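Structure, as structure tokens:
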Amino acid sequence: MSDLRRALALLELSPRRVASAVAAGVATLGSALALAALSAWLITRAWQMPPVLDLSVAVVAVRALGISRGVFRYLERLTTHDAALRGTTAARTRIYEQLANGNGGVALRRGDVLARTGADVDVLGDVVVRAVVPICVSVVMMLAAVGLLAGIAPAAASILAVALLIAGVGAPMLATRSAKIAEEAGADADARFAETTVQALDHAPELRVAGRLDAVLAEAARAADESVIARDRAARPSALADAALPLSIGASVIGSLLVGIGLYGPAGGTASGMTPMALAIIVLVPLAAFEATAALPGAAIALMRGRIAAGRIMTMLDAAPPQWCDYVPSGALDRTTARSALIGPSGSGKTTMLRALAEEYGSDAALFAEDAHLFDTSILENLRVVRGDVDEQQATQALRRVGLGRWLDALPLGVHTTLVGGAKAVSGGERRRLLLARALLSSAPIVLLDEPTEHLDQVSGESILRELLTTDGGLFGADRIVVVVTHQLPENTDADQVIDLGRGAAKKLFADS
């Protein structure tokens, strides 16, 4: 499955909502197409001066179509944006959940994380608004317009079909080429601009003291200039794409007119020829038909940008497939025990084994990595990433249980205090305890903790490990399975089993019963 399809799956689009948006779009352009055909018939028929009652139905229909076009346009915008906004909300929720749980196979700069969770997700929403729905609508309306002319003059329908292909396929290809040049040449410059700008905003005093602030600002300016140059290079194919539509319209109208004149004949309106009403229809209908192709260059650009954005998002979310360590024998970890500990030095495979467990348990497990993300928002919202219904009392209780009661009391707004800069607003130990509070509030039956006591002093760390590994009055109830990764395990814990990954071989040790 392509990155774009996988990323669009994050949007969790409702087929019913998308179908409603497409139906509203078809009704909008269908009203315009029917209005053009009926107006052409009405004008030429009125020229023949028939009884007024012969035109009354057509007059009322013209008014109805004129009004319905605006109504359907409003409904199309409403349903399309509703589907897209719901989708981007769902996508961000899933991305934040994975970031909070430490998922993701690459280390990213803060500017990249900001771009991928913000602008790139918005680009995916644009794919729905500017590409998926308009393309479906355009295909339906192009077929309808060609079919309408085919019933009157097949030659005119052929000309219209060719012109629609030029405007609907050729122009989008040129537009895509233009956007690709701009995106590929400017993507790195945009990323460097975002990174250097965030760095200058967050660390201006330190950079000034180190004498590097001017260099960082100059780098940001260079990145911005390179981005502008790349977009200037893309202007030529973009101009050709813009010219393709009016040229196609002109060719179609002139071609249809010539076909109509030939069929109309010198006598005009003969039985074997073409009536004045039909002649007006085959000339004016193409003007409305090309409204369906007007959105296609933008749709092609949206798709191209969507593919690039999807690639960046999926790179962030795709971790390398977790593998069991080669030196861990099958069955070394008994997955039926309530409390387990994985110990060993750095590089021994503890985190790899923990991720393998997360993959095996699937949705029943919640992995809390040591580098899990803290967001630049309130403490309460940082805790809600694991469970959206956490209230103020539950959050406060969890923070006190992990030893942050005094710290919380000193904050001016309590759990509503904003962590400005995310993890930079707290110390390493406070960050560890906040992540542990998240784990407490999680509803997952299996909790996987990676180095939960890192950056804590020895006494505090050993105390928390004992509370994590006991089912009798510990932090987690006996109904939840807890697996803890740590460098060293204190004495006298209640761990049901311990896996020692040190010295290149896994040794299974059981706590005294």
Side-chain angles (χ1 to χ4, degrees), residues 2-5 7-8 22 25-26 28-29 32-33 76 80 84 119-120 122-146 149 156-191 225-256 285-312:
S2 67
D3 285 341
L4 181 57
R5 291 181 62 187
L8 288 176
V22 172
V26 169
T28 300
L29 295 185
L33 190 66
E76 184 262 333
T80 303
D120 284 346
D122 287 338
V123 171
L124 290 183
D126 283 344
V127 170
V128 178
V129 176
R130 301 178 185 275
V132 175
V133 173
I135 288 174
C136 293
V137 172
S138 296
V139 169
V140 173
M141 295 313 303
M142 288 164 64
L143 293 175
V146 172
L149 259 64
S158 299
I159 294 173
L160 177 61
V162 173
L164 286 173
L165 285 176
I166 294 174
V169 178
M173 289 177 63
L174 290 170
T176 301
R177 181 182 176 189
S178 170
K180 188 175 182 179
I181 294 173
E183 289 291 334
E184 288 183 348
D188 182 65
D190 289 341
D225 291 341
E226 291 175 10
S227 179
V228 172
I229 292 171
R231 281 156 179 75
D232 287 343
R233 286 173 49 203
R236 180 173 297 177
S238 177
L240 292 175
D242 291 341
L245 180 61
L247 290 175
S248 298
I249 294 175
S252 178
V253 171
I254 293 174
S256 296
V285 162
L287 296 175
F290 280 93
E291 186 176 352
T293 67
L296 293 182
I301 293 174
L303 282 175
M304 187 274 299
R305 289 177 176 168
R307 282 193 293 269
I308 295 173
R312 289 195 291 256

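Along the sequence shown, residues carry numbers from 1. Values reported hereafter were calculated over all heavy atoms of this structure, with side chains retained and with hydrogens, waters and symmetry mates removed. Because the structure is predicted, anything quoted here is derived from the model rather than measured.
- Between Ile159 and Ser256, the closest heavy-atom pair is CD1-N, 4.4 Å.
- Every residue two or more places apart in sequence or in another chain that forms a side-chain contact (heavy atoms from CB on, under 4.5 Å) with Leu303 is listed here: Leu4, Val127, Ala131, Ile135, Arg307.
- Ser252 has its side chain out of reach of Ser248: every pair of non-hydrogen atoms, C-beta onward, lies at least 4.5 Å apart.
- For the residue pair Ala244 and Ala171, the shortest heavy atom distance occurs at CB-CB, 3.7 Å.
- Checked against side-chain contact (heavy atoms from CB on, under 4.5 Å), Val129 has the following partners two or more places apart in sequence or in another chain: Thr80, His81, Ala84.
- Nearest heavy atom pair, residue Val133 against residue Glu76, reads CG1-OE2, 4.1 Å.
- The distance from the CD1 atom of Ile301 to the OG atom of Ser178 is 6.0 Å, given to the nearest 0.5 Å.
- Under the salt bridge (charged side-chain N to carboxylate O under 4.0 Å, His left out) criterion, Asp122 pairs with Arg92, sequence neighbours left out.
- Sorted by first and then second residue, the side-chain hydrogen bond (donor to acceptor under 3.5 Å, both in side chains) pairs involving residues 125-141 (not counting sequence neighbours) form an empty list.
- Residues that satisfy the side-chain contact (heavy atoms from CB on, under 4.5 Å) test with Val169, not counting sequence neighbours, are Leu165, Met173.
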Side-chain polar contacts of residues 291-298 - donor-acceptor pairs under 3.5 angstrom, sequence neighbours left out - could you list them?
unit_1: Glu291; atom_1: OE1; unit_2: Arg69; atom_2: NH2; d: 3.0
unit_1: Glu291; atom_1: OE2; unit_2: Arg69; atom_2: NH2; d: 2.6
unit_1: Thr293; atom_1: OG1; unit_2: Phe290; atom_2: O; d: 2.9

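- Here the closest non-hydrogen pair linking Leu149 and Pro286 is CD2-CG, 4.3 Å.
- Considering CD1 of Ile249 and CD1 of Ile254, their distance stands at 12.0 Å, rounded to 0.5 Å.
- Qualifying side-chain contact (heavy atoms from CB on, under 4.5 Å) partners for Leu33, counting only residues two or more places apart in sequence or in other chains: Met141, Ala144, Ala145, Val285, Ala288, Ala289.
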